[in-house]
Amino acid sequence: MSEVKIKPEMSAEELRVLRHTASHVLAQAVKKLFPSAKLAIGPAIDSGFYYDFDVAQPFTAEDLREIEKEMQRIIKRGAKLERFVLPRAEAIALMQEQGEPYKVELIEDLPEGEEISFYKMEDFTDLCAGPHMPSTGKVKAVKLLQAAGAYWRGSEKNRMLQRIYGTAFDNREALEAHLAQLEEAKRRDHNKLGRELELFTTSEVIGQGLPILLPKGARVVQLLQRWVEDEEEQRGYLLTKSPLMAKADLYKISGHWDHYYEGMFVMGDKEMDARGEEVLALRPMTCPFQFQAYLNRTRSYRDLPLRYNETSTLFRNEASGEMHGLIRVRQFTISEGHLACRPDQVEEEFFGCLELARHLLDTLGLLEDVSFRFSKWDPNNREKYIGDAADWERTQDLMRGILDRMGLAYTEAEGEAAFYGPKLDIQMRNVHGKEDTMITIQIDFQLAERFGMTYTDSDGQKKFPVILHRTSVGCYERTLALLIEKYAGAFPTWLAPVQAKLLTITERCDDWAREVAALLKSHGVRVELDLRNEKIGFKIRESQVEKVPYMLVMGDKEVEDRTLAVRSRKEGDLGVMSPEALVAKIVEEIRTKAR
RNA sequence: GCUGAUGUAGCUCAGGCGGUAGAGCACUUCCUUGGUAAGGAAGAGGUCUCGGGUUCGAGUCCCGACAUCAGCUCCA
C-alpha cells in the first residue's frame, strides 16, 4: 500500500528543503536545551526529517514536547539562514572548537576538493551542504513524532545515537492532514486489523515470530496456495514435497553452513558436528532440498528446462527485534521454485517467472503498488558471497541485459544479492511506508556445480545447468499481511473468508435461512449463518463494517415472508433477490476473481 | 541483537503517597422486539505476563526473563 499523497502547497523539492531546514531548527533547539548533545546528521526524508544526537540520556516524551516548544520559538523569531564556506582545515577547526566530533569525522571523509559549507542561524552553526529556506520562519507547521535509537552511520558496530523524527509543512492544514493519515495507517495496519478480524494471533508460550493463523486467516492462505499451485502447474511446474530439515552435510555443500549459520535453527552445534555426531538443521531455504530431486537421475539437455515448485515452509532464526506481525516471522510458507535450464534458455525462463509473478500480483490487485529492484552483490564485502568477482560481474551483466530487454523499470541496489547470485526483487511498501521484498527471481551459476548437478548436452558433454531461484507470490504470511492493508480487511469476494453473512430477523425465517445457506455452500460460497434473530442494523455494523462482501437479511414483511434482502459491500443495497440469482452472482465473482 | 516504551477481564482502558481489583463494549440466561448501533433483569469472566527480591502486606517499589510496539541493524 503506497502512502496517499498529501497536497502541500509547495513542490516536493521545496518541501524537502523546508524539512531540512526544520531539522536544523530541531538541532538548534536540542543544543539550547541539552548543550552537551553532540550533533550527527539530520536529513529530510520522504515523510519528514530526523536528526541524530549523541546524548547521555535518551530523550523522553517530555523532552520532545519541550524541544518542540523551543522549535516553535525559533521559528517565530524567523532567523535568517546564512551560508558560508570554509577551507577543510578551518572547517575542522571550527567543528572541533564547537565540540562536534561527528561533524569532524564527516568533514574528514569528504572527498578532496569538495566545497565545505556551513549554515548559520542566530548563534547556531551547522555543517551542511544545503540548500535551505532563507528563514526559519518559512517552517509554518512542525511536529516531533518520536525518538528512537539509531546507529552512527548505520552500522551496528558503531555507537548508538538518539534519533528524533519529525515532520514539517508550510501550512497547518497539511500537517493536520498528514497526522490524520498516520492515524488511518494505524487503523489499516495488518498487525492490528488482522488480529481484530481474527485472521491471526500470537501466543507468548509459542514465541515471537511464530503467529497462529486462525480459521479465517488460514482459509485465505489456503485459497491463495491452491490458486498459486494451479497457476504454476499450468505453466509446466512439477510439484515436489521435501523434508523440513536435513543434516549439516547438506548445508555444507550449499554454503549455508558457512554463510547462513546464524540464520538457521540448528539442533546441535558446530562442536557436535566436529565430533562427528549427527546435527540436523531446519531448512532456511528450499534450494538444496529440491536439487536432490534433480539429482535423482541423469539429465539430458532435452529435459531442460526443468521447473520445480514447492509450497515450502522455511525457518529462519531472525534476531529478536526484527520480527513484526505477519511481515517478518521465524517460520513461513512460501511458493518456492527452482528452474534448471540451459544457458540459451535463461532469458525465456526468467521472463516466464516474471510473467507469473506479475499475473499473480495483478490478480491480487497489488501490481500497481510494487517496485522492482535489481539486487547486486557488494564487491567490498566478499566474505558474504561465494564465487569470484568475474562470475558475479558476468551474471549481473546477464541479468541487467534481460531486465533492459524486457523494458522493466527498476532500481539497482548494491549488497542486496543472495550469497550465491544476483536477484530481481519485487518490493512492496506496507501501510507505514516501510518496504519489504515480496517476490524474488534469482540467477545462480554456482550451486549446480557445488551439488554436482549436470546434464548431457547435445554434444555429449556433461554441463552444469543455470539455476533460477524464484518465488511466485512470495511468502503467504507476508502476502496476507499486505492484502489486509491493501483492502483494509475487506478482501475481494474470491478471497474473503466469509463471502456472505446471513442474518434472520425472526425465528420464523430460520429454517429457510438454513436452506439458503446450504444452497450457497453447495456452490462453494462461504457463508456464515447468524440465527440470533436480533435487531439487524446492529449486526450489519458489527460484522466488521463492510468487511463481508454480501450481507443477507431473511424475511421481508413488506414483500412476502420468504424473501432475501441483499446488501453488497461494493454495490450497496440490491433489494430482494432470489437465492439462485445471488448464487449466480457470487459464483461469477469468484470465478473471475473480480476485485 | 541495539535504544526506548508498554504488558490489569475477549477488546478498549481506570486503578494519586504499597493495604489482596473496577468501567464501557463483548459474552451467558431470561423478558420485550418483524428492521438499520432498542430496552430491561440477572449472571459469568482476572493466580493484575512470568519468576525472584524488599515489606507485616506488592497490580503498585527493585531485579531478571518472556511477549508486544516504534526506530536502528538485518531480511522473504
Side-chain angles (χ1 to χ4, degrees), chain A residues 50 52 55 57-61 63-64 145-165 182 186 189 191-192 195-196 198 201-210 260 262-263 284-286 312 314 316-336 375 384 415-416 418 423 425-428 432 434-440 442 469-471 473-479 481-482 503-509 533-543 545 551 553-558 561 563 565 567 573:
Chain A
Y50 69 79
D52 287 346
V55 279
Q57 296 293 323
F59 297 109
T60 63
D63 291 340
L64 288 196
L145 298 170
Q146 57 178 323
Y151 298 110
W152 166 237
R153 297 200 145 179
S155 169
E156 60 185 332
K157 294 183 181 69
N158 291 339
R159 183 173 168 77
M160 181 160 270
L161 309 175
Q162 294 303 318
R163 175 172 298 176
I164 295 178
Y165 283 96
L182 293 181
K186 274 187 203 156
D189 187 332
N191 206 7
K192 187 167 164 46
R195 291 169 195 269
E196 279 171 15
E198 299 193 311
T201 186
T202 48
S203 160
E204 275 193 31
V205 288
I206 287 182
Q208 60 176 171
L210 298 167
Y260 208 79
E262 292 304 315
M285 294 171 191
T286 320
S312 179
L314 304 179
R316 296 187 186 176
N317 193 6
E318 306 289 349
S320 64
E322 288 159 2
M323 262 74 76
H324 171 67
L326 293 176
I327 292 272
R328 191 78 180 278
V329 292
R330 279 182 162 153
Q331 176 189 318
F332 55 96
T333 299
I334 195 164
S335 58
E336 188 153 49
S375 298
K384 265 181 79 176
E416 296 287 348
K423 310 191 285 181
D425 291 321
I426 304 182
Q427 304 289 110
M428 177 145 170
H432 301 297
K434 189 166 173 161
E435 189 178 273
D436 275 296
T437 301
M438 227 187 140
I439 294 175
T440 181
Q442 311 166 356
H469 304 241
R470 48 105 272 183
T471 64
V473 276
C475 112
Y476 289 100
E477 291 81 356
R478 186 173 284 184
T479 303
L482 295 170
L503 311 174
T504 55
I505 196 153
T506 163
E507 64 207 11
R508 290 204 296 282
C509 306
N533 308 312
E534 289 173 22
K535 291 275 185 184
I536 60 164
F538 174 79
K539 285 196 287 185
I540 286 178
R541 290 228 187 186
E542 193 48 35
S543 61
V545 197
M551 299 296 303
V553 181
M554 303 297 300
D556 192 327
K557 194 186 192 180
E558 316 259 308
D561 251 8
T563 51
R567 193 166 93 171
D573 229 321

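Chain letters run A, B, ... following the sequence lines, proteins first and then strands; every chain starts at 1.
A straight line from CD of A/E156 to P of B/G71 spans 18 Å, rounded to a whole angstrom. As rounded to whole Å, 18 Å separates atom P of B/U3 from atom CG of A/D63. Remark: C1' of B/C72 and CD of A/E318 are 15 Å apart, rounded to the nearest angstrom. A/N158 places its CG atom 11 Å from the P atom of B/U73, with the value rounded to the nearest Å. Distance A/R330 CZ to B/A67 P: 7 Å, rounded to the nearest Å. Going from atom NZ of A/K434 over to atom P of B/C69 covers 12 Å, rounded to whole Å. The CG atom of A/L210 sits 14 Å away from the P atom of B/C66 (whole-angstrom rounding). Taking atom CG on A/D52 and atom P on B/C72, their separation rounds to 10 Å, with Å as the unit.
Checking B/G45 for Watson-Crick or G-U wobble geometry (two distances, each under 3.5 Å) identifies no partner in any strand. B/C74 is unpaired under the Watson-Crick or G-U wobble criterion, no partner having all donor-acceptor distances under 3.5 Å. B/A5 is paired with B/U68 under the Watson-Crick or G-U wobble criterion, all donor-acceptor distances under 3.5 Å.
Considering all non-hydrogen atoms of both residues, A/Q162 and A/V55 come closest at CG-CG2, 3.7 Å. The two atoms that bring A/A481 and A/L326 nearest to each other are CB-CB, 3.9 Å, heavy atoms only.
Between A/G474 and A/T202, the residue anchored closer to the 5' end of RNA chain B is A/T202, taking for each the nucleotide with the nearest heavy atom. Heavy-atom nearest nucleotides on RNA chain B were determined for A/Q331 and for A/D573, and the one closer to the 5' end corresponds to A/D573.
Within 4.0 Å of A/D436, counting heavy atoms only, lies at least one base atom of the nucleic acid. Among the atoms of the strands shown, base atoms are found under 4.0 Å from some heavy atom of A/A319. Among the atoms of the strands shown, none is found under 4.0 Å from any heavy atom of A/K186. No engagement by A/G263 is indicated, since no non-hydrogen atom pair under 4.0 Å with the nucleic acid exists. A/V205 comes within 4.0 angstrom of nothing in the nucleic acid, heavy atoms only. If you check every strand for non-hydrogen atoms under 4.0 Å, A/Y165 touches sugar and phosphate atoms only. Within the nucleic acid shown, A/K157 has no heavy atom closer than 4.0 Å to any nucleic acid atom. Among the atoms of the strands shown, only primed sugar atoms or phosphate atoms (P, OP1, OP2) are found under 4.0 Å from some heavy atom of A/Q162.
Here the separation of B/G15 from B/C30, taken at their P atoms, is 38 Å to the nearest Å. For the C1' atom pair drawn from B/C2 and B/G16, the interatomic distance equals 35 Å after rounding to whole Å. Taking atom C1' on both B/U60 and B/U6, the two are 16 Å apart, rounded to the nearest angstrom. Comparing B/G4 with B/C11, their P atoms are spaced 28 Å from each other, to the whole Å. Here the separation of B/U33 from B/G7, taken at their C1' atoms, is 42 Å to the nearest Å. Rounded to the nearest Å, the gap between the P atom of B/G46 and that of B/C63 is 31 Å. For the C1' atoms, the distance from B/G39 to B/U12 is 24 Å, rounded to whole Å. If you take atom P in B/G18 and the same atom in B/C56, they sit 15 Å apart, rounded to whole Å.
Distances shorter than 4.0 Å separate none of the side-chain N or O atoms of A/K192 from OP1 or OP2 on B/A70. Taking 4.0 angstrom as the limit, A/Q208 places none of its side-chain polar atoms (N or O) nearer than this to OP1 or OP2 of B/C66. Phosphate contact (OP1/OP2 of B/C75, side-chain N/O of A/Y260, threshold under 4.0 Å): absent. Using a 4.0 Å cut-off, some side-chain N or O of A/H324 falls inside it from OP1 or OP2 of B/A70.
The base of B/C72 lies outside donor-acceptor range of the side chain of A/R163, with no N or O pair under 3.5 Å. At a cut-off of 3.5 angstrom, counting only N and O atoms as typed in the model, there is no donor on one side facing an acceptor on the other between the side-chain of A/Y151 and the base of B/G71.
Counting only distance, with no hydrogens or angles, the side chain of A/R330 and the backbone of A/E318 share a donor-acceptor pair below 3.5 Å.
Put simply, the side chain of A/F332 reaches to within 4.5 Å of the side chain of A/R316, judged on heavy atoms. At a threshold of 4.5 Å between non-hydrogen side-chain atoms, the residues A/M323 and A/L210 do not count as touching. Counting heavy atoms from C-beta on, the side chains of A/T479 and A/M438 come closer than 4.5 Å. Using a 4.5 Å cut-off on side-chain heavy atoms (C-beta onward), A/D63 and A/Q57 make no contact.
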What verdict does the side chain to side chain contact (heavy atoms under 4.5 Å, CB included) test give for A/D436 and A/M428, after you've listed the backbone C-alpha separation in whole Å, the side-chain angles of each residue and the deciding distance to 0.1 Å?
CA-CA 6 Å; A/D436 275 296; A/M428 177 145 170; over 6 Å; no

